[in-house]
Amino acid sequence: MFSKIRVLRTIIYFYVAIYFKIYASMIHLETPTEFSFEQTLRFLTRNQKECLHFVKNDQVFKTLSINNALVLFAISFDSGLQISIHSEQTDEKNIKIIKKYVSDWFDLEADLKTFYEVAQNDSVLKNLCQKFYGLRMIGMPDLFESLIWSIIGQQINLNFAYSLKEKLVQNFGQKLIFKDDVFYALPTPEKLASLNIEDFQPFQFSKSKAQYILNVSRAFAEGHLSQEMLAKLPFEEIRQKLVAIKGIGNWTANYSMMKSLKNYDAFPVEDVGLHNAVKTQYNLPAKPSIKELHSMSEKWAGWRGYATFYFWHSLLG
DNA sequence: TACCAGGATGTTG
DNA sequence: CAACATCATGGT
């Protein structure tokens, strides 16, 4: 009789432990009315070489470095976002950080209603908004990541850009192994700052591209530049501080401002993808000039970055 | 082979 | 300030 109670107690303990193991690390994140998980996945799966997140069975896997420790979590959708954390320690602090990260990443806080109202001024953009209803600007909550990614993407096609990023991440990034799968996170600024131009060349980086990446990495590693520092500043001051770094031009600055700093009006007007999308969507005989784009974009005032994102999305077909 | 790709910098008029 | 030249690297 005594041993039966012990067995029973053990069983109960076991299931209680399982319960907490599973449910203590399940997080629910409310989504706004204008939110489409389908469009989110469509964007996130746009390139097979993407190595900083992973999508399988409508679940998005992401590794995040929190206090120098990698944490893996998976996001799925079921009347709101469900986040499960696959990590040993998941304290309240980490949960808070992850919630904030996902909210920023999928841009859950943006006032999409107002964007859609503004889009009514432009029949072409209005059409895209109906087609991609609920698409939010999938961002990069980490400014360093968006700067590195946009420098990689300068003047080369996206496919090649993804393959350069893959090499950078796999060779210098942080690695986490979970159930025989390998998950990566971006190299730290310190790690990249410690490299030389020659270290990049075996991976097909041009010398200038490597130098630009070093410039940004060193600025971050040495504390001359940080996301917190910039986030407080007004639009033009942020842009100027970014452009002051050799290798960051207007396109890169605006790209990062829209993707990482929630400057929804940031407008990477030099973007070739935008040019192609606008040509197609407006049925123009040729790609628009920068001047023409500035003029067209007045209709999107306040939301030029969001409009750009929708035009990019139209390139997926 | 010439031209293109989610540009940036430097020089010239 | 705007137009041009040059830089690099791979893909088509």
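Exactly one residue among A/Leu186, A/Asp199, A/Ile213 makes a side chain to side chain contact (heavy atoms under 4.5 Å, CB included) with A/Leu192. That residue is A/Ile213.
Here A/Lys291 lies out of heavy-atom contact (under 4.0 Å) with every strand. Using a 4.0 Å heavy-atom cutoff across all strands shown, A/Ile290 reaches no nucleic acid atom at all. Among the protein residues, A/Ile248 comes within range of the sugar-phosphate backbone only, with heavy atoms under 4.0 Å from sugar or phosphate atoms but none that close to a base. Residue contacts shown for A/Thr252 are limited to sugar-phosphate atoms, with no base heavy atom under 4.0 Å away.
Side chain to side chain, A/Tyr264 and A/Asp111 fail the donor-acceptor criterion of an N or O pair below 3.5 Å. Neither side chain, A/Ser260 nor A/Gln227, offers a donor N or O lying under 3.5 Å from an acceptor on the other. In this structure, a donor-acceptor pair under 3.5 Å is present between the side chains of A/Gln204 and A/Lys167.
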Protein within reach of the bases, or only the backbone? For nucleotides 6-12 of chain C, mark each nucleotide 5' to 3' as B, S or -, using heavy atoms under 4.0 Å. --BBSS-

Atom pairs and distances, side-chain donor-acceptor, residues 268-280 of chain A, under 3.5 Å, sequence neighbours left out:
| residue | atom | partner | partner atom | Å |
| --- | --- | --- | --- | --- |
| A/Glu270 | OE1 | A/Asn250 | ND2 | 3.4 |
| A/Glu270 | OE2 | A/Asn250 | ND2 | 2.8 |
| A/Asp271 | OD1 | A/Trp251 | NE1 | 2.8 |
| A/Asp271 | OD2 | A/Gly273 | N | 2.8 |
| A/Asp271 | OD2 | A/Leu274 | N | 2.7 |
| A/Asp271 | OD2 | A/Trp312 | NE1 | 2.8 |
| A/His275 | NE2 | A/Val269 | O | 2.8 |
| A/His275 | NE2 | A/Asp271 | O | 3.2 |
| A/Asn276 | ND2 | A/Val272 | O | 3.3 |
| A/Thr280 | OG1 | A/Asn276 | O | 3.0 |

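In the hydrophobic clustering, A/Leu176 connects to A/Phe54, A/Phe61, A/Leu70, A/Leu72, A/Phe178, A/Phe183, either directly or through intervening members, whenever side-chain heavy atoms lie under 4.5 Å apart.
With rounding to whole Å, A/Asn215 atom CG is found 19 Å from B/dG7 atom P. Computed from coordinates, the A/Trp251 CH2 to B/dT9 P distance equals 13 Å when rounded to whole Å. Between A/Ile213 atom CD1 and B/dA8 atom P the separation is 13 Å, expressed in whole Å. Rounded to an integer number of Å, the gap from A/Asn250 CG to C/dC1 C1' is 15 Å. Taking atom CG of residue A/Leu158 and atom P of nucleotide B/dC4, one finds them 17 Å apart after rounding to whole Å. One can place CD of A/Glu270 at 15 Å from C1' of B/dA5, the figure rounded to the nearest angstrom.
Regarding contacts with the backbone of B/dA8, every side-chain N or O of A/Lys209 stays at 4.0 angstrom or more from both OP1 and OP2.
A/Asp122 and A/Lys126 are not joined by a salt bridge, as no carboxylate oxygen comes within less than 4.0 angstrom of a charged side-chain nitrogen.
Across the interface with DNA chain B, nearest-nucleotide mapping of A/Asp271 and A/Tyr212 shows A/Asp271 to be the residue nearer the 5′ end.
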